[in-house]
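Worksheet: one structure, shown below.
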Amino acid sequence: MSKREDLTGKVFGKLIAIEYAGSRKWKCKCECGEEITTRPDALKAGKTRSCGCIRKETQKKEPSKDLIGKTFGKLTVVQYAGSKNLNHMWKCKCDCGEETTVRTAYLNNGHTKSCGCLKKESKLREDLTGQVFGRLTVIEYAGSKGPNYGLWKCKCECGKETISRLDTLKNGKAKSCGCLTRNGESSITHGLSKHRLYSIYENMRKRCNDPSHKAYKHYGGRGIKICEEWSHSVEAFIRDMGDSFEEGLTLERKDVNGNYSPENCKWATMIEQGSNRRNNRHITVFGEKMTVIQASRKYNINVNTLRHRLFVLKQLPENAVTLPVGKKGRREK
């Protein structure tokens with residue numbers, strides 16, 4: 001065992017070693033009169049130079065640089081607020097009226113620019129311009145109501161403008177300027193809310209304009225829009241599409257990547273619309289282009305068998321639709 005070094009009487013900063021205290025520690029007395037017990041390696045390395053009074057004295061000292069009256073972002077320094085963990089703190093007033101305490105470094109390097117309202121405001125200012133919620137079309141940001149509610153100016157289909165909160169627009173509680181609830185549905189100026197095409201028209205608008213709609217990502221989310229005339233007038237939509245409509249038909253775009261407009265829309269059966277999907281695979285059989293489902297119907301072959309021949313066995317379309325089907329239970333090779 002190595003011999004213990006005797007530190008009795010030695011001075012380390014403001015500490016004088018008095019006696020060995022066991023467990024590899026020394027009892028020391030500080031110049032301020034306090035006594036502490038510490039390790040010899042901390043004394044020798046200069047990590048422990050007092051009972052803690054040096055740190056306390058440092059905290060009591062005010063900073064040499066006066067920041068009172070200076071502005072940092074939305075914060076104006078009001079007064080010195082002491083120190084915390086060796087950091088000088090400043091009491092600041094935010095432009096929104098709230099007060100907060102910030103350390104010197106965070107003010108100087110731009111880390112803190114407000115009481116926190118800037119971060120909240122950025123969430124409240126999610127851009128809704130041009131989006132449609134019910135009968136409301138968002139025009140522009142209209143400020144905020146307190147720290148939690150962003151306001152947006154909207155134009156209703158009835159022509160009136162109104163201010164609505166972001167949260168009520170997104171959760172569907174705000175659908176109009178109030179005209180829907182004042183006199184019920186009869187207050188709708190076009191008077192077509194019960195027309196058989198009205199629900200088709202509304203669903204079209206929601207798919208293109210309402211981010212909360214389940215199909216928005218396949219329509220408005222990929223840039224599909226409604227022509228200007230239809231966008232603001234159900235009467236125009238019914239005028240252009242009403243005469244050719246029959247019960248059981250659905251609204252289809254001829255070009256699946258095109259917008260909703262009179263020249264690009266038609267009425268189709270569910271089978272026809274299914275054949276016009278973007279993810280359909282087309283084949284050319286004896287010079288005729290068609291979907292795999294259409295080919296299976298025309299040539300009376302099971303669609304799964306046809307897909308297997310085309311995409312697994314890599315047969316030519318003409319062979320795939322004309323070759324006889326093997327016996328039940330035997331997989332074609």
Side-chain angles (χ1 to χ4, degrees), residues 120-245 247 249-253 258-262 264-265 267:
K120 292 178 182 178
E121 188 176 333
S122 64
K123 292 181 179 179
L124 297 178
R125 290 201 61 175
E126 174 189 352
D127 192 7
L128 303 182
T129 306
Q131 293 187 30
V132 178
F133 300 88
R135 303 189 70 212
L136 297 174
T137 300
V138 180
I139 301 173
E140 60 184 17
Y141 181 66
S144 61
K145 183 180 181 181
N148 300 314
Y149 300 109
L151 301 176
W152 289 87
K153 180 190 279 190
C154 307
K155 187 168 185 178
C156 186
E157 287 182 9
C158 71
K160 292 184 178 181
E161 292 186 353
T162 184
I163 303 293
S164 296
R165 281 177 11 197
L166 178 145
D167 59 323
T168 58
L169 287 170
K170 299 190 76 173
N171 64 23
K173 291 183 179 179
K175 297 180 180 179
S176 72
C177 65
C179 58
L180 284 178
T181 55
R182 279 196 294 270
N183 299 309
E185 288 292 334
S186 61
S187 66
I188 298 177
T189 55
H190 51 64
L192 297 171
S193 62
K194 294 184 179 179
H195 194 284
R196 58 183 182 171
L197 296 187
Y198 184 73
S199 61
I200 295 174
Y201 173 78
E202 282 297 297
N203 285 330
M204 172 185 68
R205 292 178 73 242
K206 289 178 181 178
R207 289 195 298 271
C208 292
N209 300 326
D210 186 356
S212 64
H213 192 278
K214 62 182 180 181
Y216 176 79
K217 63 180 179 180
H218 300 301
Y219 293 86
R222 66 183 191 92
I224 303 301
K225 298 179 180 178
I226 303 171
C227 70
E228 185 68 21
E229 192 172 10
W230 283 6
S231 181
H232 302 291
S233 173
V234 65
E235 297 100 316
F237 174 75
I238 294 174
R239 178 199 66 207
D240 294 333
M241 301 299 296
D243 292 343
S244 58
F245 176 74
E247 292 295 340
L249 299 181
T250 60
L251 185 64
E252 180 187 34
R253 286 165 296 123
N259 296 328
Y260 283 99
S261 62
N264 192 44
C265 287
W267 298 109

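These numbers come from the heavy atoms of this one structure, side chains and all, not from hydrogens, waters or symmetry mates. The first residue in the sequence is number 1, and the count goes up from there. Computed from a prediction, not measured in an experiment: that's the story for all the values here.
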- Note on the structure: Looking only at heavy atoms, the pair that brings Q131 and P211 closest together is OE1-CG, 2.9 Å
- Item | Verdict with reasoning, C156 to T162, per side-chain contact (heavy atoms from CB on, under 4.5 Å) | CA-CA 7 Å; C156 186; T162 184; 5.5 Å; no
- Item | CG-SG distance between L128 and C154, expressed to the nearest 0.5 angstrom | 8.0 Å
- Item | Test side-chain contact (heavy atoms from CB on, under 4.5 Å) applied to R253 and I224, step by step | CA-CA 11 Å; R253 286 165 296 123; I224 303 301; 3.7 Å; yes
- Message: I'd like to know whether L136 forms a side-chain contact (heavy atoms from CB on, under 4.5 Å) with K155, so could you lay out the CA-CA distance, the side-chain angles of the two residues, the decisive distance to 0.1 Å, and finally the verdict.
- Response: CA-CA 5 Å; L136 297 174; K155 187 168 185 178; over 6 Å; no
- What pairs with Y201 under ring-ring contact (aromatic ring centres under 6.0 Å, His included), at least two apart in sequence or on another chain? F237
- Item | Interatomic distance, N203 atom CG to T250 atom OG1 [nearest 0.5 angstrom] | 12.0 Å
- Does R239 use its side chain to pair, donor to acceptor, with the backbone of E235 at less than 3.5 Å? no
- Is there a donor-acceptor pair under 3.5 Å between the side chain of W267 and the backbone N or O of M241? yes
- Heavy-atom nearest pair, R135 first then C158, reads NH2-N, 3.8 Å
- Determine the minimum heavy-atom distance between C265 and Y260, stating which atoms define it. SG-CD2, 3.6 Å
- Taking only residues two or more places apart in sequence, or in another chain, which ones meet F133 in a ring-ring contact (aromatic ring centres under 6.0 Å, His included)? none
- Message: Evaluate E247 against F245 for side-chain contact (heavy atoms from CB on, under 4.5 Å), listing each step before the verdict.
- Response: CA-CA 7 Å; E247 292 295 340; F245 176 74; 4.1 Å; yes
- Minimum heavy-atom distance between V132 and R205, given as atom pair plus value: CG1-NH2, 3.3 Å
- NZ of K160 to OG of S176: how many Å apart, nearest 0.5 Å? 10.0 Å
- Task: Kindly compute the distance separating CZ (R222) from SG (C208), expressed to the nearest 0.5 Å.
- Result: 10.0 Å
- Task: State the CD1-CE distance between I226 and M204, to the nearest 0.5 angstrom.
- Result: 4.0 Å
- Would you say N209 and T137 make side-chain contact, with heavy atoms under 4.5 Å? no
- Message: So, taking the atom named CD in E140 and the one named CH2 in W152, what distance separates them when rounded to the nearest 0.5 Å?
- Response: 9.0 Å
- Check for a donor-acceptor pair, side chain of N259 on one end and backbone N or O of S261 on the other, with a separation under 3.5 Å. no
- Do C227 and P262 come within less than 4.5 Å of each other through their side chains, counting heavy atoms only? yes
